[in-house]
Amino acid sequence: MDVKTVHGFVGNELSFAGASADAGLKLAETMDADALIAKVSASGLRGRGGAGFPMGMKWKFARAETRDPKYIICNADEGEPGTFKDRLILTDFADLVFAGMAIAGKAVGAEKGILYLRAEYAWLRAHLEEVLERRRKAGLLGGAILGNKAFSFDIEIRMGAGAYICGEESALIESLEGKRGEARNRMPFPVQSGYLGLPTVVNNVETFAWVPCILEKGPEWFSSMGTEKSPGARLFSVSGDCKRPGIYEYPFGVSLRQLLKDVGAENAKAVQVGGASGVCVPAAQFDRKLAFEDLATGGSIIVFGQERDMFAVAENFQHFFAEESCGQCVPCRIGNVRLHEAIGRMRQNGLDAKTEQTLRQLATTMQTASKCGLGQSSPNAFLSILDSFAGELPAGKA
Ligand SMILES: Cc1cc2nc3c(=O)[nH]c(=O)nc-3n(C[C@H](O)[C@H](O)[C@H](O)COP(=O)(O)O)c2cc1C
Ligand code: SF4
């Protein structure tokens, strides 16, 4: 499907449409690393891939590392169910992403960048290579960017492995090194020991795209949008039972109710915020805010209409996690299979109090004892659906 036919904009344009990658890059060329880090820190930019880690702080940690070479990795794996905003950014605003990566390189002292592209986006590669080549020819990428011999940075595109876990930054790095995509232990973090054991900054596509915009328009422009804890605006991928699915941009802090009105889903039954690993929000909570301090999300919003069977939704998500678990640790490898089987049984037979207690304990164990974010977040949808929709299960005992 041509993504341009499914844009849904609030207002007429995304902020990215009015931004100039080159204006931001030209300013960055004149600034030293400390000034760049100070600007991005002042904007309050937080990662758009899910966890919301402050970008300025990540740069500061990477800058402080003394080992070379350092790497800048753009996480374009976009594997979270219901997320497709990075595909739009890479299609229409790749210059912003590549400029953002180069600026990150200048800030932390890295000259090499890698864009890790989701395997299913192979068709985008030729377009991205063209943009890279155009930027090299224009002196915006490669050796001596804008004629500055102290500013060199180039980007290579590497293809993803077709696995959800490879979006997790340490599994992504393993995959880049030619190994199985499996999460690493933390510590150390990638900024200390990442690609090839060297200091590495990993950020989401959208996070990089905001960087030149912040330099061009100023950190105050950015932080004047959103909330105190979640400054700025972000893109949301909206899908499911709504009249106008698409990509929407809002400042952080917008209510779910407002978004549902704009996408034509006022009568929704529930919304899955944050994809399969996020939480299911029932209609009674639609005044909650989309922000890191309330409903955090990597940008995926899936709307469920009144006719949806919510435990069928939970079963589907749990099946996804059972399939996508990398299998390294028991709570995730076994827990997701058991939870998936149990949801199938409860849809047939209902749920008694004892079984509910056992399943909640299993879910808590998975959240606390799994090694990485995949297992830790995998029971979230089930638990939130159980909290809000247990009344939809058939009466009886499991
Ligand atoms: C299972 C799993 C899948 C993930 N998939 C993605 C992804 O597709 N894209 C992404 O940017 N971050 C993804 N993340 C988050 C990354 O690990 C990492 O936090 C992020 O790339 C950092 O960039 P940011 O600070 O700009 O958000 C995933 C995390 C987990 C646990
Ligand atoms: S939590 Fe799941 S995906 Fe993560 S390391 Fe353990 S088995 Fe692998």
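Atoms within a ligand are numbered from 1 in the order they appear, just like the ligands themselves. From a predicted model like this one, the values you see are computed outputs, not experimental measurements.
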Name the orientation class of the two ring planes belonging to Phe252 and Phe292 (parallel below 30°, tilted from 30 to 60°, perpendicular beyond 60°).
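If you compare the ring of Phe252 with that of Phe292, the planes turn out tilted.
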Using 30° and 60° as the class limits, which term best fits the ring planes of Trp221 and Trp210: parallel, tilted or perpendicular?
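Tilted.
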State yes or no: do [X] and [Y] share one hydrophobic cluster built from I, L, V, M, F, W and Y residues joined by side-chain heavy-atom distances below 4.5 Å, directly or via other members?
| X | Y | result |
| --- | --- | --- |
| Leu27 | Phe222 | no |
| Met101 | Phe53 | yes |
| Leu339 | Val330 | no |

At less than 4.0 angstrom from any non-hydrogen atom of Gly327, what atoms of ligand 2 do you find?
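Heavy-atom distances to Gly327 below 4.0 Å select 7 (S), 8 (Fe).
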For the rings on Phe189 and Phe61, is their centre-to-centre separation under 6.0 Å?
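That pair fails the under 6.0 Å test.
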Quick check for you: to the nearest 0.5 Å, what is the distance between Glu324 atom CD and Cys166 atom SG?
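It comes to 9.0 Å.
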Which heavy atom in Leu374 sits nearest to a heavy atom in Tyr164, and how many Å separate them?
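In terms of heavy atoms, the two residues are closest at CD1-CD2, 3.3 Å.
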Protein N/O near ligand 1 N/O, under 3.5 Å, which pairs?
| from | atom 1 | to | atom 2 | distance (Å) |
| --- | --- | --- | --- | --- |
| ligand 1 | 5 (N) | Gly167 | O | 3.4 |
| ligand 1 | 8 (O) | Glu78 | N | 3.0 |
| ligand 1 | 8 (O) | Gly79 | N | 3.3 |
| ligand 1 | 9 (N) | Asn75 | OD1 | 3.4 |
| ligand 1 | 11 (O) | Asn204 | ND2 | 2.8 |
| ligand 1 | 12 (N) | Asn75 | ND2 | 3.2 |
| ligand 1 | 14 (N) | Gly167 | O | 3.3 |
| ligand 1 | 17 (O) | Glu169 | N | 2.9 |
| ligand 1 | 21 (O) | Asn75 | ND2 | 3.0 |
| ligand 1 | 23 (O) | Asn204 | N | 3.2 |
| ligand 1 | 25 (O) | Lys58 | NZ | 3.4 |
| ligand 1 | 25 (O) | Asn203 | ND2 | 3.2 |
| ligand 1 | 26 (O) | Asn203 | ND2 | 2.9 |
| ligand 1 | 26 (O) | Asn204 | N | 2.8 |
| ligand 1 | 26 (O) | Thr207 | OG1 | 2.7 |
| ligand 1 | 27 (O) | Arg48 | N | 3.4 |
| ligand 1 | 27 (O) | Gly49 | N | 2.6 |

Between Lys371 and Glu168, is there a side-chain N and carboxylate O pair less than 4.0 Å apart?
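Between Glu168 and Lys371 there is no salt bridge, as every charged N stays at least 4.0 Å from the carboxylate O atoms.
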Would you tell me whether Asn336 and Ser325 have side-chain atoms, one donor and one acceptor, within less than 3.5 Å of each other?
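Absent: no donor and acceptor within the cut-off.
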Taking atom 4 (Fe) of ligand 2 as the centre, count the protein N/O/S atoms lying under 2.8 Å from it.
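Step by step: take atom 4 (Fe) of ligand 2, keep protein N, O, S below 2.8 Å, and you get 1.
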